[in-house]
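Below is one structure; the comments refer to it alone.
In the text below, chain A, chain B and the rest are named by the order of the sequence lines, each starting its count at 1.
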Amino acid sequence: MDAANTFLNELNEKQKEAVLYLKSPLLVLAGAGSGKTRVLTYKIFYLLKNGLSNPENIFAVTFTNKAADEMKERVEKLLGFPVKNMMIGTFHSMCVRIIKRFRWERMKSPDFSIYDVDDSKSVIRNILKEKKIHDLEPKGICRIISSLKNRMIFPEDLDSEDDTFKRIKEVYVLYQETLKRNDAYDFDDLLIETIRIFNENEIFRKKFSERIKYILVDEYQDTNYAQFLILKSIYDGKNHITVVGDDDQSIYGFRGAQIKNILEFEEHFPETKIVKLEQNYRSTRNILNIANRVIKNNLKRKEKVLWSSFDDGENIRIVKCKDERDEAIFVVDKIIEMKNRQGKRLKDFAILYRTNAQSRPFEEILRKNNIRYTLIGNIKFFERKEIKDLLSYLSFTVNRNDEISLKRIINFPKRGIGDVTLKSITLFAKAKDLSVWECLKNFEENFPEKKRVKNGVKEVVDIIENIEKNRDNVYNALEFLVDSIDFENLFDKMLKDEKYSRLENIQELLNSAKEFVLKNEDRSISAYLDMISLYTDIDDYKDDDSLLLMTVHNAKGLEFENVFVTGLEDGLFPHRNSFEEDSNCEEERRLLYVALTRAKKNLFLTYTVERFYYQESSFRIPSRFLKEIGFENRIVDYFDRTKSLSTKKYDFEKKRESDKGKFKINERVVHPIFGEGIIKGKKGSGEDEILIIQFLNGDVKKIFAEYANLTRK
DNA sequence: TGGATATCTTTTTTT
DNA sequence: AAGATATCCA
Ligand SMILES: Nc1ncnc2c1ncn2[C@@H]1O[C@H](COP(=O)(O)OP(=O)(O)OP(=O)(O)O)[C@@H](O)[C@H]1O
């Protein structure tokens with residue numbers, strides 16, 4: 001081995017093979033923690049180090065922006081100098097760059113708006129109102145349109161005679177027209193527009209694909225059809241493509257990701273070589289065993305070998321808790337104990353859950369115990385109302401066609417400009433074929449009769465024009481904006497806490513802009529807006545030794561020494577919405593596989609007996625996945641804060657024949673019509689004995705024990 | 001007309 | 001419990 005390439009010692013044989021292979025398309029298909037990401041990182045390093053490529057010839061796609069930042073940092077560390085001009089990021093951020101470049105070449109302003117789901121919903125809401133459609137929900141339409149776009153299905157491709165479908169098509173058409181008029185793209189459009197540009201401008205595509213000599217893609221199992229097409233456009237047979245992934249970790253089907261991309265990779269990229277990595281470097285054997293035991297219940301998957309050279313390690317602990325509060329107390333107690341006794345740091349722990357709503361009790365108990373934590377997801381910082389309102393000023397300043405942003409700011413803070421005024425301005429603009437902005441600027445001439453709102457409009461116009469002056473420095477622009485709004489007064493009627501927290505958020509926004517201005521060469525408003533529309537919580541959490549709370553989805557690709565997977569109950573994890581379709585249930589199982597394989601050393605699985613779910617207390621049944629883990633033979637701890645920690649064996653086995661006839665409270669039963677349920681109570685006796693049973697769908701029914709033909713689960 | 005108040009619904013996962 | 005929407009009042 002050549003001296004420059006001693007780094008290869010940090011890879012196993014298979015990994016080396018994958019790093020060095022450049023002859024034809026390469027697929028690295030391997031289980032969790034087998035070093036797939038490491039292969040990509042070292043491959044980039046190898047290409048740069050050996051002069052096989054310049055940074056600008058590399059196109060590396062990661063699943064999150066954070067992963068991209070970390071990969072770049074790692075490569076720079078290995079090289080010993082910074083890397084400039086490499087295309088590395090998520091599909092969405094790469095698309096923004098491609099679209100900007102194209103618009104720039106065509107002398108079109110590169111400053112378009114990027115709409116998040118909220119913005120899309122309000123566009124749809126306006127359309128529905130205008131068209132007087134009352135029986136369709138913005139949220140549902142949004143989801144349908146997005147799922148169509150993910151599959152590259154356009155309005156003209158819809159030719160169903162079904163009435164609802166026809167109306168959806170109508171809304172879809174209007175939605176796209178509105179976005180076009182506002183010069184805005186939603187997340188799906190970023191991908192679609194890139195494909196369109198490539199398809200319709202062969203010279204541009206060719207130039208780009210000749211520039212890109214190496215295409216590298218991480219987490220390939222979670223790419224959608226549009227993303228596949230983008231890769232196909234860039235790959236021209238002369239450049240190289242490496243994709244890595246694990247079909248067992250595909251968890252974004254709901255967003256259009258298709259496992260078939262990875263399963264059928266060979267069919268689309270000629271002479272594909274496949275490398276399988278089989279050694280796991282992350283977890284103990286006990287953890288891997290449990291993960292393998294769960295995932296092997298999926299029927300549609302590629303069987304993989306995955307072994308660890310580590311010891312068995314600690315036992316996996318399954319803990320039954322009285323309710324969600326106890327669950328939180330148990331987890332937090334455990335963390336405190338491990339921190340104090342074993343000197344572990346907070347950042348070695350992660351609490352994972354299926355839904356964002358589950359974070360509440362954990363937060364409460366953590367705050368009570370003064371433990372620093374970082375909550376990822378849920379209400380994202382930049383989506384808070386007060387923040388979005390401020391940002392809309394910036395958006396509108398750089399893109400005067402963005403009517404959604406205008407709508408947000410025209411009456412924020414309250415200036416007495418309501419729906420009616422806005423409507424008449426919009427209509428006026430349409431009639432005179434002017435932009436809304438033009439009408440606002442000449443408001444007094446255009447609407448001499450509207451004396452009452454005159455000053456308000458002038459105020460907005462002034463603010464926008466002043467922001468415009470600071471276009472090249474987002475911090476100055478924001479500082480001006482914040483100064484010109486009297487927040488103290490605005491938040492006056494709020495509760496102290498709420499007011500304080502909002503003011504804090506605004507300060508936080510200023511800090512973020514300041515940081516951006518200090519760190520980046522391009523300090524412009526538009527550069528900042530692009531960054532925040534594509535960056536999410538997970539991309540930006542500070543490395544400040546705090547405990548992490550997040551959904552399993554957000555934990556993808558990460559690893560922690562100690563992991564708590566919580567809320568392992570039927571209906572929650574797997575989520576009840578997945579029960580109908582087998583494929584969804586398989587995705588839930590993959591989600592659990594991802595959760596379990598995040599742990600390096602200690603893994604705790606918790607579930608509750610009773611949980612508040614939608615303002616109602618409901619009795620819970622342990623997750624079906626726990627059975628697959630084989631937990632009937634395992635020690636289950638029962639945690640009840642009133643009784644402290646006690647241990648007993650949980651019996652999942654079917655009861656013996658002799659037990660027949662007598663059902664006990666909390667026993668799980670199957671009803672021939674209503675399905676599986678749990679016995680909550682009993683009334684009467686003998687023939688008249690009535691059982692109160694809560695079924696899986698949440699219904700509680702009174703059933704005659706004698707006649708119902710119940711069987712034990 | 002806009003702002004405040006009362007009523008109604010809604011809860012998976014996210015770039 | 002919180003958010004969005006509908007209704008009412010000044
Ligand atoms: N050859 C190796 N020697 C030592 N440690 C390694 C090696 N390869 C990978 N690792 C370590 O194993 C862990 C998992 O690696 P990595 O994140 O690259 O795996 P992955 O396959 O991408 O995981 P996932 O499927 O969960 O995304 C990391 O901590 C990494 O540093």
[X]: what forms a side chain to side chain donor-acceptor pair (under 3.5 Å) with it, not counting sequence neighbours?
{"X": "A/S533", "result": "none"}
{"X": "A/S512", "result": "A/Y528"}
{"X": "A/R598", "result": "A/Q249"}
{"X": "A/K260", "result": "none"}

If you look at every strand shown and take non-hydrogen atoms under 4.0 Å, does [X] touch a base, only sugar-phosphate, or nothing?
{"X": "A/V552", "value": "nothing"}
{"X": "A/R125", "value": "sugar-phosphate"}
{"X": "A/F63", "value": "nothing"}

If you take any heavy atom closer than 4.0 Å to DNA chain B, which residues from residues 182-197 of chain A end up in contact?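 Per residue number, the list reads A/F187.
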In chain order, what residues pass the side-chain contact (heavy atoms from CB on, under 4.5 Å) check against A/R255, with sequence neighbours excluded? A/F63, A/Y252
Going by side-chain contact (heavy atoms from CB on, under 4.5 Å), name the residues that satisfy it together with A/T566, two or more places apart in sequence or in a different chain. A/E327, A/V331, A/I351, A/Y353, A/Q358, A/F362, A/F564, A/T606
Side-chain donor-acceptor pairs of residues 138-146 of chain A under 3.5 Å, sequence neighbours excluded:
residue, atom, partner, partner atom, Å
A/S146, OG, A/D188, OD2, 2.9

Can you find a side chain N or O atom of A/N356 that sits less than 4.0 Å from OP1 or OP2 on B/dT13? yes
All N/O pairs under 3.5 Å across the protein-nucleotides 7-11 of chain B interface:
residue, atom, partner, partner atom, Å
B/dT10, OP1, A/E137, OE2, 3.2
B/dT11, OP1, A/K139, NZ, 3.0
B/dT11, OP2, A/K139, NZ, 2.8
B/dT11, O3', A/Y614, OH, 3.4

Regarding A/N399 and A/S113, do their side chains bring together a donor and an acceptor under 3.5 Å, going by distance alone?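 Yes, side-chain donor-acceptor contact under 3.5 Å.
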